[in-house]
There are 2 protein chains.
Amino acid sequence: MQRVFEALSSSIRRQILAYLSHAELTAGEIAARFSISKPAVSQHLSVLENAGLVASEKRGQYVHYRLVEDNLVNTLNGYLQDVCPVSRPLKSESASIAASAPRPPEDQPPAST
Amino acid sequence: MQRVFEALSSSIRRQILAYLSHAELTAGEIAARFSISKPAVSQHLSVLENAGLVASEKRGQYVHYRLVEDNLVNTLNGYLQDVCPVSRPLKSESASIAASAPRPPEDQPPAST
DNA sequence: CCTTTGATTAAGAAATAACTTAATTACCTA
DNA sequence: TAGGTAATTAAGTTATTTCTTAATCAAAGG
């Protein structure tokens with residue numbers, strides 16, 4: 001989850017995912033769409049792959065990249081459900097937080113006036 | 001959108017949103033839940049506020065923070081729709097990308113064998 | 001009016017992330 | 001096997017984040 005959100009924090013990486021949502025592409029085809037160097041794109045691709053957002057397959061000389069939709073959908077939807085639930089069933093992150101929430105040793109803040 | 005994803009890339013900031021999904025809290029109450037310094041938390045809060053994910057209101061001495069659900073939901077859902085559409089209506093980011101996509105000056109990669 | 005409390009701003013140090021060029025690996029083909 | 005292309009790894013630099021302490025601002029309250 002940390003890896004997914006970290007991966008999505010880069011505009012270039014989000015663009016790569018958008019490209020791959022239309023078609024499988026080779027590393028070179030992806031790199032050609034950006035003005036940065038090939039190794040830089042390669043590094044972005046490994047961030048995406050480590051986050052489980054893309055998968056690669058070597059075919060001959062070429063490395064083909066494809067989008068892994070499941071992980072993206074599950075992570076973002078899961079987080080949304082967690083933080084903005086429609087009916088509120090306390091899931092993962094906010095649940096553990098709520099459970100362990102230490103009452104702070106602070107003064108009571110005023111109600112509204 | 002950049003700001004939203006950038007804000008979500010930090011685990012601490014995601015936790016803050018999770019706290020605020022349960023209740024409105026003052027800056028001090030939020031800071032008390034983390035082991036980092038108060039100014040550090042204050043900076044995280046301004047990242048979240050600049051991204052439009054939280055709103056603050058000063059009441060007396062205290063600054064109360066609350067979650068802004070709309071922006072979170074719209075941004076994440078919008079991006080999901082964009083990259084992982086069920087029916088594929090080409091929206092914002094991937095649409096502009098698809099429109100401007102320069103055919104790379106690459107060799108044709110082999111089909112599969 | 002002075003002190004305390006909540007919170008943010010300022011300045012600077014330390015850790016991370018991103019990019020570049022050069023080198024390397026792997027595969028293909030004449 | 002030599003040469004060329006695709007891609008990644010390595011090494012080093014620059015830029016960006018993130019954190020800390022100290023200082024400042026603002027509201028309460030004796």
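All chains are named by letter (A, B, ...) in the order of the sequence lines, taking the proteins before the strands, and each is independently numbered beginning at 1.
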Phosphate OP1/OP2 of dT20(D) contacted by Ser37(B) side-chain N/O (<4.0 Å): yes

His44(B) side-chain N/O to dC19(D) phosphate OP1/OP2 under 4.0 Å: yes

Distance in Å, Arg14(B) CZ paired with Leu17(B) CG, rounded so as to fall on 0.5 Å steps: 9.5 Å

For atom CD of Glu49(B) and atom P of dT8(C), their distance in whole Å: 9 Å

Integer-rounded Å distance: dG29(D) P and Gln61(B) CD: 8 Å

Presence of salt bridge, Arg59(A) and Glu24(A), under 4.0 angstrom: yes

Atom-pair distance (OH on Tyr62(A); P on dT8(D)), nearest Å: 13 Å

Gap between atoms CD1 and C1', on Ile12(B) and dA15(C) respectively (whole Å): 14 Å

Whichever of Ser10(A) and Ala27(B) has its nearest DNA chain C nucleotide further upstream toward 5': Ala27(B)

Among dG6(C), dT20(C), dT8(D), the nucleotide that comes nearest once only the side chain of Lys38(B) is considered: dG6(C)

Spacing of CG belonging to Leu45(A) relative to CD1 belonging to Ile16(A), to within rounding of 0.5 Å: 4.5 Å

Salt bridge (charged side-chain N to carboxylate O under 4.0 Å, His left out) between Arg13(B) and Glu6(B), worked out: CA-CA 10 Å; Arg13(B) 288 191 292 260; Glu6(B) 208 171 288; over 6 Å; no

Short side-chain N/O contact to dT8(D) OP1/OP2 from Tyr65(A), under 4.0 Å: yes

Shortest side-chain distance from Ala40(B), nucleotide among dA7(D), dT20(D), dA22(C): dT20(D)

Separation of dA7(D) C1' from Leu48(A) CG (nearest whole Å): 16 Å

Rounded distance in Å - CD1 (Ile30(A)) to C1' (dT8(D)): 14 Å

Lys58(A) NZ - dT9(D) P separation (whole Å): 10 Å

Positive for side chain to side chain contact (heavy atoms under 4.5 Å, CB included) with Leu48(A), one of Leu20(A), Val4(A), Val54(A): Val54(A)

Separation of dT17(D) P from Ile36(B) CD1 (nearest whole Å): 16 Å

dT18(D) phosphate, OP1 or OP2, under 4.0 Å from Arg13(B) side-chain N/O: yes

